[in-house]
Student: 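Quick one: the structure is below, questions incoming.
Given the structure is predicted, the values throughout are model-derived calculations rather than measurements. Heavy atoms only: backbone and side chains are in, while hydrogens, waters and symmetry mates are out.
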Amino acid sequence: MSSSRDVVIVGGGIAGGALATVLARTGLNVLVLEKTEIYRDLVRGEWVAPWGVIEAKKLGIYDTLVAAGGPHLSHHVSAGDEFDSFEESEKEALDMTALLPGVPGPLCLQHTVACQALTSAAAAAAAAATVLRGVTNVSVAGGPKPLVRYTHQGVETSVSCRLAVGADGRNSVIRTQAGIELHRNERHHLFSGMLVEGAHGWPEHLQAKGTEGEVNYLVFPQGGGRVRLYLGYGLDRKSFLAGPDAQRRFLDAFRLSTLKHSEALANATPISHCYSYPNEDTWTDSPAVEGVVLVGDAAGHNDPIIGQGLSITFRDVRLVNEALSSTATWNAAIFAGYAAERAERMRRLRFAARLAAVIDSEFGPEAAAPPPPRPRPPGR
């Protein structure tokens, strides 16, 4: 079989669903190819920074995410070994509603729910995008006349298009097929996450982070007693969360003396697997070649320790949409501005993430010791 589309998007996650929604609303003929039959809960971005909320509003998908159940968090507490007490930190909690005008703090929403909401919005757009699930054997040939091949329900299909989009995540097949090189910095620590329910003792407006002993912890409530928990830990502890009892050891690690309400978290019920992954950043020199452009993690991802992944993705989608809307001639050159902005954005975020990793996810006596005094300049 063969057919023709304006845009074929490979990957129906956050990036693919958001872009499909935006493009379909402009009247473009969009096809989304997603390999999963259902969205599975994995350790993926579920926290949208205030600047990412603004991007979602600009894209016109903010209401979709809120309607799917995404609550805003109004306050942030930094806690841990270096602070006097959680109670004292709570008195000085950061009011996140004051960070950006019109944004009532960061937005939290389970990844699988957000994916479903966005792909449903794409399918309901004015020029409804077609979303196919359970797609296999996808291959993309770029160039002036891109061609996408795939198998769906046992039928092999070829689709010609004006543009193919790789929105297929960190291990992007489309990136490899397009010949776009991925750079990677050194690994610093491991990161793990798990979704729990029944944590009703945790304040639903409050997010928290801190370092105690050998773990860096992060807490992001999603409403109704559901909380996404994260742990950062050293590369030398690879077996810490391995094995069949990983969920229990993960929750036991939240029995923390520096975290008020920690028992509510440790006694909660796991409703996801417990996955661990390394923290490094990745990036591309340019996310576009002739006939193909990458968005979201496929174009390179930031260390999750600072939680900017979804905001990065929404900015990517906006810039790609603006590039496509700016001209009737689609070629790699129209993405030059997107490539330049993304390169600088990711460079700055790598710097910020590296600082956070050193401060929050280095453990042991040397990490806890105060820095040595700086030498005085001669003559002072």
Side-chain angles (χ1 to χ4, degrees), residues 1-13 15-35 59 122 125-132 135-152 155-169 171-183 282-300 313 315-343 346:
M1 292 181 62
S2 62
S3 61
S4 177
R5 300 275 181 158
D6 289 318
V7 180
V8 177
I9 300 172
V10 181
L19 183 60
T21 300
V22 173
L23 296 182
R25 286 174 178 171
T26 67
L28 292 174
N29 189 336
V30 180
L31 172 65
V32 179
L33 305 176
E34 168 58 32
K35 67 180 179 180
L59 289 171
T130 301
V131 181
L132 299 182
V135 174
T136 61
N137 303 321
V138 178
S139 66
V140 173
K145 297 181 179 179
L147 184 68
V148 180
R149 296 184 175 89
Y150 64 92
T151 301
H152 182 243
V155 178
E156 296 183 2
T157 302
S158 298
V159 182
S160 61
C161 56
R162 298 173 64 193
L163 179 70
V165 179
D168 51 339
N171 300 314
S172 173
V173 173
I174 306 309
R175 182 182 61 234
T176 301
Q177 293 175 351
I180 298 175
E181 183 180 4
L182 186 71
H183 305 288
T282 63
W283 64 96
T284 53
D285 294 326
S286 174
V289 295
E290 199 66 40
V292 181
V293 67
L294 307 177
V295 292
D297 285 353
T313 294
R315 172 73 63 82
D316 289 354
V317 169
R318 178 172 67 82
L319 294 181
V320 167
N321 177 55
E322 288 177 354
L324 295 177
S325 301
S326 68
T327 177
T329 302
W330 292 0
N331 53 38
I334 69 170
F335 297 116
Y338 165 51
E341 191 280 340
R342 194 180 206 278
M346 299 304 286

Student: As an exercise, state the distance from CD of Glu34 to CD1 of Ile9, rounded to the nearest 0.5 Å.
Tutor: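 Reported to 0.5 Å precision, the distance equals 11.5 Å.
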Student: Determine the minimum heavy-atom distance between Val140 and Ala164, stating which atoms define it.
Tutor: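 For Val140 and Ala164, the tightest heavy-atom pair comes out as CG1-CB, 3.7 Å.
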Student: May I have the step-by-step check of side-chain contact (heavy atoms from CB on, under 4.5 Å) for Met346 and Thr282, ending in yes or no?
Tutor: CA-CA 9 Å; Met346 299 304 286; Thr282 63; over 6 Å; no
Student: With distance as the sole test, does Gln177 use its side chain to make a donor-acceptor pair with the main-chain N or O of Val138 at under 3.5 Å?
Tutor: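 It does hold such a pair.
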Student: Side-chain contact test, heavy atoms from C-beta onward, threshold under 4.5 Å: evaluate it for Asn321 versus Leu23 and give yes or no.
Tutor: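 With C-beta onward as the side chain, the pair touches.
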Student: List the residues meeting ring-ring contact (aromatic ring centres under 6.0 Å, His included) with His152, not counting sequence neighbours, and say none if there are none.
Tutor: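 Not a single residue meets the ring-ring contact (aromatic ring centres under 6.0 Å, His included) criterion with His152.
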Student: Does Asp6 offer a backbone N or O that forms a donor-acceptor pair with the side chain of Asn29 under 3.5 Å?
Tutor: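 Absent.
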Student: Run the side-chain contact (heavy atoms from CB on, under 4.5 Å) test on Tyr150 and Val10 for me, step by step, so that the C-alpha distance in whole Å, both residues' side-chain angles and the decisive distance to 0.1 Å come before the verdict.
Tutor: CA-CA 10 Å; Tyr150 64 92; Val10 181; over 6 Å; no
Student: Is the shortest side-chain heavy-atom distance between Val295 and Tyr338 below 4.5 Å?
Tutor: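 Counting from C-beta outward, Val295 and Tyr338 do come under 4.5 Å.
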Student: What closest approach, in Å, do Ala288 and Ile180 show between heavy atoms, and which atom pair accounts for it?
Tutor: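 For Ala288 versus Ile180, the nearest heavy atoms are N-CD1, 4.2 Å.
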Student: Starting at OG of Ser160, measure out to CZ of Arg149 and round the result to the nearest 0.5 Å.
Tutor: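 That separation rounds to 11.0 Å.
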Student: Got Leu31 and Leu132 here, is their nearest side-chain heavy-atom distance under 4.5 Å?
Tutor: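 They are in side-chain contact.
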Student: Is there a side-chain contact between Phe335 and Leu324 (heavy atoms, below 4.5 Å)?
Tutor: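 Result yes, sub-4.5 Å side-chain heavy-atom pair found.
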Student: Looking at side-chain heavy atoms only, is the closest gap between Thr21 and Val317 below 4.5 Å?
Tutor: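 Sidechains of Val317 and Thr21: no contact.
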Student: Return the minimal non-hydrogen interatomic distance between Ala178 and Val292, and the atom names on each side.
Tutor: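 It is CB-CG1, 4.1 Å.
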Student: Applying side-chain contact (heavy atoms from CB on, under 4.5 Å), run through Arg5 and Thr130 and close with a yes or a no.
Tutor: CA-CA 10 Å; Arg5 300 275 181 158; Thr130 301; 3.1 Å; yes
Student: Distance-only, no hydrogens or angles: does the Arg342 side chain make a donor-acceptor pair with backbone N or O of Ala299 under 3.5 Å?
Tutor: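 Yes; judged by distance alone, with no hydrogens or angles, the pair exists.
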Student: Looking only at heavy atoms, which two atoms of Val32 and Gly11 are closest? And how far apart?
Tutor: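 Result for this residue pair: CG1-O, 3.9 Å.
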Student: Check whether any side-chain heavy atom of Asn331 lies under 4.5 Å from a side-chain heavy atom of Glu290, and answer yes or no.
Tutor: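 In short, these two side chains touch, coming nearer than 4.5 Å.
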Student: Are the side chains of Val22 and Arg25 in touch, meaning some heavy atoms are under 4.5 Å apart?
Tutor: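 No, their side chains stay 4.5 Å or more apart.
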Student: Could you state the interatomic distance from CG (Leu294) to CG (Leu182), rounded to the nearest 0.5 Å?
Tutor: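 Going from CG on Leu294 over to CG on Leu182, the span is 9.5 Å.
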Student: Taking all non-hydrogen atoms of both residues, which atom of Thr313 and which atom of Gly296 are closest, and how far apart?
Tutor: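 Of all heavy-atom pairs spanning Thr313 and Gly296, the closest is OG1-CA, 3.6 Å.
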Student: Looking at every non-hydrogen atom in both residues, tell me the closest pair between Ala24 and Ala122 and how far apart they are.
Tutor: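 It is CB-O, 4.2 Å.
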Student: As a quick check of understanding, evaluate side-chain contact (heavy atoms from CB on, under 4.5 Å) for Asp168 and Leu33, giving each step before the final call.
Tutor: CA-CA 9 Å; Asp168 51 339; Leu33 305 176; over 6 Å; no
Student: Given side chains that start at C-beta, do those of Thr284 and Arg175 come closer than 4.5 Å, heavy atoms only?
Tutor: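 In short, these two side chains touch, coming nearer than 4.5 Å.
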